[in-house]
There are 2 protein chains.
Amino acid sequence: MPVGKVTSLDVAKEAGVSQPTVSRVFTPGMKVSPDMERRVRAAAEKLGYRPNTLARSLITGQSKTIGLILAYLDNPFYTEALEKLSQTLRAKGYNIMIILAANHAGEVDSVVQDLLDHQVDGIIMASVSISSALSDRLKEEGVPMVLFNRGQDDPSVTSVTSANFDGGKKVAEFLVQGGHRKIAHISGWQGASTGRDRLAGFEAGLAAHGLKPHAVVDGLFSREASAAAARSLFATDAPPDAIFVGNDHMAFAVIEVLRHELGLDIPEEVSIVGYDDVTLAAWDSFQLTTVRQPANRMVEATVEHLLDRIAGTETQAERIEIDGPLIIRKSARIPKGWKE
Amino acid sequence: MPVGKVTSLDVAKEAGVSQPTVSRVFTPGMKVSPDMERRVRAAAEKLGYRPNTLARSLITGQSKTIGLILAYLDNPFYTEALEKLSQTLRAKGYNIMIILAANHAGEVDSVVQDLLDHQVDGIIMASVSISSALSDRLKEEGVPMVLFNRGQDDPSVTSVTSANFDGGKKVAEFLVQGGHRKIAHISGWQGASTGRDRLAGFEAGLAAHGLKPHAVVDGLFSREASAAAARSLFATDAPPDAIFVGNDHMAFAVIEVLRHELGLDIPEEVSIVGYDDVTLAAWDSFQLTTVRQPANRMVEATVEHLLDRIAGTETQAERIEIDGPLIIRKSARIPKGWKE
DNA sequence: ATCATACGTGAATACGTATTCAAGCGCTAT
DNA sequence: ATAGCGCTTGAATACGTATTCACGTATGAT
């Protein structure tokens, strides 16, 4: 009875069968006669045998591991997504190798290389942009990748986002209907498609009413930058009467500046609308009106597409957009008779 | 030029050397002559070779991967810890296989088995308790494990926590000095050492002044349970004038119930103290007085001990406690002349 | 010039499993 | 009774690397 490591060969000897037979017993889908199976399982149980996943992966070429790269974790939207991802992938028999990486080109490249060295079957990148060189490299390597919550111009990479353009548009419509005319936008980082698309939709929505944004400032997905933006918007003699903030995480910072530093009442003096509908948005302290990004469905779409690519069922890249409703709470004035 | 996979043998042929030589070039610490190294690196570069970590792990027995099991992710303390863990381990050359698991015995066992099958070099369990059977199994397997933010009676498993008893005591002292006499406690889950130790310290701190808790309710580390507890505490004719809540995450729920449902002023009518000092605690909306759990130092201690165990440098289990200060903000009355 | 030493290199092997292939077996059909 | 078929099993091999061992060469000392 070997102490540290017990291999399939040990089990084979114990059961009086060959090593391949042991392998077959532990490989789903392989046929073995009932009494063989019984003997092998008994021996395995007795010795405490468990298949070595590494050795298995080496020969099958399937590591049953997905690489996950995350840029921001301070935004709770991503922790919610991480939770769903873990559950969904685990249910499908996959494990997750996770890396938190800053969104710099060099960092991302090295991190992806790390994952490839570990023979991951696929890669999910959340809120990370990639160079086309890198996506080429992945294509060459045959490792499928999905961008989560970030789009890409390159049509050959698949991305899963919410309908950011439509979302921005909905917000504009809501605020205009609410009687606002001086509507500013503290945008998501303009280096990210997410930030750009929400802005574009917002502008389109205003344009439909012959309006333009009162002001647009890049909040860089950062609390500090957004707080600074909020202060600067109100340091002029023509402050906005409503602000659409590029995501909830930034919106909380804006709300706090307005309430606690500037002493403004929300929504009496200023309406605030966010984007994501993270858990905190529903808290009494914020009651944030916001566009819901359905993390569940986004995760499901991501995993489904990725696994289809791995299985070879699906070969085409897709740009998947998932629609989300405007969730109306108390941080923005509600238009009379609003029903939509 | 092989397309999908290029192996060390391909590089060897290209460079006109043997496969072991290629291996040596890519194994730090192995000596190779300069011109060999040059030729091999050139060939590797040309073919796009990268060592296969799986094959390497299979033979060395070192996967350079750490398994991480997390129970709660809605409590932001753990996302902060996760961030540090990722950075620290990556800097040391380790990757992370992450699993989010509910804190049920069966679930945890199966998850640990999963990690063992993947040949992880060590395991970190954050806020999950384990059976002694499981810790025996790990000992037998020779895979070191560290409990993060959770203690264990068994002295043979190492745990890293903050000084929970002292923390609870500090809070009691602070509130008593502040003139409070009806001090209640909405505790952390009493199934967890963390929750129990904070309560015990709190009671000891009160006892030093001849006091007892006004009431103690288990908040189960849950927002809902804590909110319900807060409501029940004020549904009597003798409500508390201060509440020590078992962690920040629960404290936010309590604050919201008091402010928005019961219309109470904090800290004028009730003082609230939390535990953890998560990022949100410093936000203007909460300004929560709380005991800081130094996530950075806890992570460093965890990683250092774990890697020492893996290297064999350290063989003894330890119970590591890291002290954290009381961070005074505005959610609790500040004693006159408080200096400590 | 000769021997000893040290060092760099290649041949062989091991890690633990899945898979190909041929062989053995029992069964049915003629 | 025998040829043929399908099914189960074992022998051999492959996956891609690190490591042991033996060998050859260059270096230094005598």
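Chain naming here is simple, since letters A, B, ... match the order of the sequence lines and numbering starts at 1 in each.
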Would you call B:Asp114-A:Arg90 a salt bridge at under 4.0 Å N-O?
yes
Any N or O donor-acceptor pair under 3.5 Å from the base of C:dG10 to the side chain of B:Arg24?
yes
Whole-Å distance between C:dT17 P and B:Leu54 CG?
13 Å
Looking at every strand, decide which applies to A:Val32 at a 4.0 Å heavy-atom threshold: base, sugar-phosphate, or nothing.
sugar-phosphate
Distance-only side-chain donor-acceptor flag, B:Lys139 / B:Ser156, under 3.5 Å:
yes
Can any side-chain N or O of B:Thr65 pair as donor or acceptor with the backbone N or O of B:Ile96 at less than 3.5 Å?
no
Does D:dG16 have OP1 or OP2 sitting under 4.0 Å from an N or O in the side chain of B:Ser23?
no
Going by heavy atoms in the side chains, are A:Leu68 and A:Phe148 under 4.5 Å from each other?
no
Looking at D:dT9, C:dA18, C:dA12, which one has an atom nearest to any side-chain atom of A:Thr27?
C:dA18
Could you give the CG-to-C1' distance, from A:Leu58 to C:dC15, as a whole number of Å?
9 Å
Rounded to whole Å, the CD-P distance (B:Gln119 to C:dT17) equals 9 Å
Exercise: identify the closest heavy-atom pair between A:Ser8 and A:Gln19:
OG-CG, 3.3 Å
Please confirm whether the shortest side-chain N or O distance from B:Ser57 to OP1 or OP2 of C:dC15 is below 4.0 Å.
no
Quick check for you: among C:dT17, C:dG16, C:dG8, whose closest atom lies nearest to any side-chain atom of A:Lys5?
C:dG16
Looking at A:Tyr49, is A:Arg41 sitting on its ring face, NZ or CZ under 6.0 Å from the six-membered ring centre and within 45 degrees of the normal?
no
Quick one: A:Ile59 CD1 to D:dG16 P, roughly how many Å, whole number?
10 Å
Nearest whole angstrom, please: distance from the C1' of C:dT17 to the CG of A:Asp10.
13 Å
Where the side chain of B:Lys31 is defined as all heavy atoms beyond and including C-beta, which of C:dA18, C:dG8, D:dT9 is the nearest nucleotide?
C:dG8
Give the rounded distance in Å between these two atoms: CG of B:Leu47 and C1' of D:dG16.
15 Å
Rounded to whole angstrom units, what separation is found between the CD atom of B:Glu37 and the C1' atom of C:dT9?
15 Å
When you match B:Met36 and A:Ala55 each to their closest nucleotide on DNA chain C, which lands nearer the 5' end?
B:Met36
Selected nucleotide, minimal atom distance to B:Thr21 side chain, candidates C:dA18, D:dT19, C:dG10:
C:dG10
For the base of D:dA18, is there a side-chain donor-acceptor partner from B:Gln19 under 3.5 Å away?
yes
Within the pair B:Ser8 and D:dG16, is there a side-chain N or O less than 4.0 Å away from OP1 or OP2?
no
In whole Å, I'd like the distance from the CZ atom of A:Arg56 to the P atom of D:dG16.
18 Å
D:dG16, C:dG16, D:dT19: which one has an atom nearest the side-chain heavy atoms of B:Thr7?
D:dG16
Among C:dA18, C:dG16, C:dA11, find the nucleotide with the atom closest to the side chain of A:Asn52.
C:dG16
